[in-house]
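Please read the structure below before turning to the comments.
First the proteins, then the strands, lettered A, B, ... as listed; each starts at 1. As a basis for the values below, the full set of heavy atoms in this structure was taken, side chains included, without hydrogen atoms, waters or symmetry mates.
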There are 2 protein chains.
Amino acid sequence: MPEIEEDPWEPPLVLVAVDLVILTLRASTFHVLLIERGIEPYQGSWALPGGFLNNAGEGVFEAALRELKEEADLDGTRLHIEQLGAYGEPERDPRGRVLSVAYLAIAPGLPEPVAGTDASGAAWTPVEQVLSGRAPLAFDHQLIVADAVERARTKLEHSPLATAFCGETFTIAELRRVYETVWGAELDERNFYRKVQRVPGFIEPAGTDRRAGKGRPARTFRAGPAEVLHPPLTRPEPHRESEEER
Amino acid sequence: MPEIEEDPWEPPLVLVAVDLVILTLRASTFHVLLIERGIEPYQGSWALPGGFLNNAGEGVFEAALRELKEEADLDGTRLHIEQLGAYGEPERDPRGRVLSVAYLAIAPGLPEPVAGTDASGAAWTPVEQVLSGRAPLAFDHQLIVADAVERARTKLEHSPLATAFCGETFTIAELRRVYETVWGAELDERNFYRKVQRVPGFIEPAGTDRRAGKGRPARTFRAGPAEVLHPPLTRPEPHRESEEER
DNA sequence: CTCAATTACTGTCATATTGACAGTAATGCT
DNA sequence: AGCATTACTGTCAATATGACAGTAATTGAG
């Protein structure tokens with residue numbers, strides 16, 4: 001790592017931004033939070049919530065939490081958030097050299113259509129619209145969303161991430177709907193009951209709490225202490241091509 | 001995302017660096033490449049190879065490939081490399097605001113003790129020495145190595161990453177040693193044969209090639225087209241606490 | 001209050017996979 | 001030829017999986 005001063009070349013200064021991919025389930029559909037840009041570039045386009053570092057003393061994670069609060073009015077302590085990666089292609093921002101650190105946040109389904117923000121508008125948008133390109137995004141944000149969705153789909157298999165889509169307590173049927181929605185696949189209800197309950201530390205009963213809807217009341221659970229799922233919940237393969245191998 | 005100009009505050013300019021965690025297997029031990037720093041800060045300390053972006057037009061991935069060539073004389077097209085994440089704590093570099101994008105590279109075991117570099121020295125160091133803290137590193141590089149090792153251990157389960165530790169062709173026994181070394185666990189040889197060969201697209205026979213050492217010649221394989229392992233090779237759990245759950 | 005509708009849960013069984021364990025095959029060396 | 005060494009092939013009981021159907025507890029309509 002060369003030194004800053006005394007070098008024949010000046011190390012290029014770069015603006016560091018933070019972008020947020022906030023995913024949730026609304027009405028059994030996979031949604032991502034988008035902001036309508038009020039300024040150039042890409043004015044009027046939809047983009048991920050985010051912004052530059054506030055000052056030289058702010059860490060990127062702090063900045064992510066701040067943006068989460070500012071732009072989505074969400075509390076970082078009550079939802080799952082993890083770093084997705086850095087996006088640093090030279091031409092990704094027409095204004096100049098901007099490197100963006102993307103974060104993936106998972107929120108329980110909020111009834112509100114997103115509270116007040118300083119951007120022109122904010123909306124929960126179905127993930128499919130973004131992935132298919134029918135809802136074009138500014139910068140390389142479509143790529144970031146695609147990476148985030150892929151990350152979420154994979155982590156559902158090996159981590160208790162699905163519980164982050166639910167509230168404090170949830171029923172097994174609700175948990176199953178999370179898997180089905182995110183994966184876009186149907187799961188056998190009975191086998192799901194069996195597998196989920198076998199994984200040590202995944203979910204644990206939430207007292208005598210019961211939730212009434214229309215049919216039989218369901219037992220409620222909360223997320224357990226496990227950070228990895230052993231055994232994992234394997235995602236069903238879309239289709240099998242042939243029957244070779246062996 | 002606010003604009004650069006016209007803002008009441010000046011967005012903080014940040015130096016962007018790239019750090020490389022290059023992992024390999026040498027003599028059945030898990031090693032990471034370290035560089036002895038020739039300049040302040042941390043002069044004389046060991047650190048990950050890396051450096052600042054060359055110029056404003058260089059992408060972070062390009063920079064990673066360049067450093068890979070400069071500091072380790074490795075060709076990025078012949079080994080596995082992926083982004084690990086961004087490390088952007090404000091105080092991680094005493095010189096000022098430096099954000100580092102870390103990359104994880106996996107190289108086959110090289111016989112050479114690392115070719116010429118512009119750093120004072122370079123050495124393959126056992127990963128355990130770094131993780132245990134017996135080999136202290138500059139900056140937050142110990143954390144980065146820990147993350148890289150964890151990433152590698154996890155990806156071994158679900159991706160063909162293990163083949164990146166081998167050469168172009170390899171035997172099943174060699175592949176098993178990769179798993180055993182990285183995981184630090186013993187695997188049953190017979191079950192390993194069975195499971196590895198069942199995974200579609202993981203490995204495929206490399207012609208009539210055979211490799212003689214001391215005993216019976218082994219069949220050689222090369223990496224197959226699969227990018228994910230179905231079913232995965234599950235890592236044995238270190239120990240089982242009790243027999244509860246249900 | 002009965003009955004249908006609705007949602008939540010509990011079992012069963014054939015098959016596939018896993019983990020634990022031992023023997024056979026092909027080479028180099030003496 | 002025989003031994004050491006490394007590579008591979010089988011077996012079997014226990015377990016996990018996938019596919020399927022029935023029972024339980026509630027609400028609401030008549």
Please state how far atom [atom1] in [X] lies from atom [atom2] in [N], giving the value in whole angstrom units.
X	N	atom1	atom2	value
A/Q197	C/dA8	CD	C1'	12 Å
B/D188	D/dC8	CG	P	15 Å
B/K214	C/dC29	NZ	C1'	10 Å
B/R216	C/dT27	CZ	C1'	9 Å
A/I172	C/dT10	CD1	C1'	12 Å
A/L187	D/dC20	CG	P	15 Å
A/N191	C/dT10	CG	P	14 Å
B/H230	C/dT17	NE2	P	14 Å

**Message:** Need to verify one output field. Residue with the more 5' nearest nucleotide on DNA chain C, B/R190 or B/K195?
**Reply:**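 Taking each residue's closest nucleotide, the earlier one in sequence belongs to B/K195.
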**Request:** For A/F221 and for B/G215, locate the closest nucleotide of DNA chain C by heavy-atom distance; then report the residue assigned to the nucleotide nearer the 5' terminus.
**Result:**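 The 5'-side residue here is A/F221.
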**Heavy-atom closest pair, residues A/V21 and A/I144** =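 Closest approach of A/V21 to A/I144: CG2-CG2, 3.7 Å.
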**Request:** Select one nucleotide: of D/dA16, C/dA8, D/dT6, the one nearest the side-chain heavy atoms of A/R198.
**Result:**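 Selected nucleotide (nearest to the side chain): D/dA16.
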**Message:** Counting only side-chain heavy atoms from C-beta out, which of D/dA7, C/dT6, D/dT17 sits nearest to B/E189?
**Reply:**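 Of the candidates, D/dA7 comes closest.
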**Asked** Can you say whether the rings of A/F61 and A/Y103 are parallel (under 30°), tilted (30 to 60°) or perpendicular (over 60°)?
**Response**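 It falls in the tilted class, 30° to 60°.
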**Message:** Once rounded to the nearest 0.5 Å, what's the spacing between atom CG of B/L84 and atom CD of B/E82?
**Reply:**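 Between atom CG of B/L84 and atom CD of B/E82 there are 7.5 Å.
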**Prompt:** Would you say the base of C/dA8 and the side-chain of A/R219 have a donor-acceptor pair closer than 3.5 Å?
**Reply:**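 Under the 3.5 Å cut-off, the side chain and the base do not form any donor-acceptor pair.
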**Request:** Go through the N and O atoms of the side chain of A/R194 and the base of C/dG11, and report whether any donor-acceptor pair is under 3.5 Å.
**Result:**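 Under the 3.5 Å cut-off, the side chain and the base do not form any donor-acceptor pair.
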**Prompt:** Side-chain donor-acceptor pair under 3.5 Å between B/D147 and B/Y87, yes or no?
**Reply:**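 Checked: B/D147/B/Y87 side chains pair up, N/O donor to acceptor below 3.5 Å.
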**Prompt:** Any chance CD of B/E204 has more than 12 other-residue heavy atoms, nucleotides or ligands included, within less than 6.0 Å?
**Reply:**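 Buried by this count: over 12 neighbours within 6.0 Å.
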**Request:** Using the closest heavy atom to pick a nucleotide of DNA chain D for each, name whichever of B/P217 or A/P232 lands nearer the 5' end.
**Result:**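 The answer here is B/P217.
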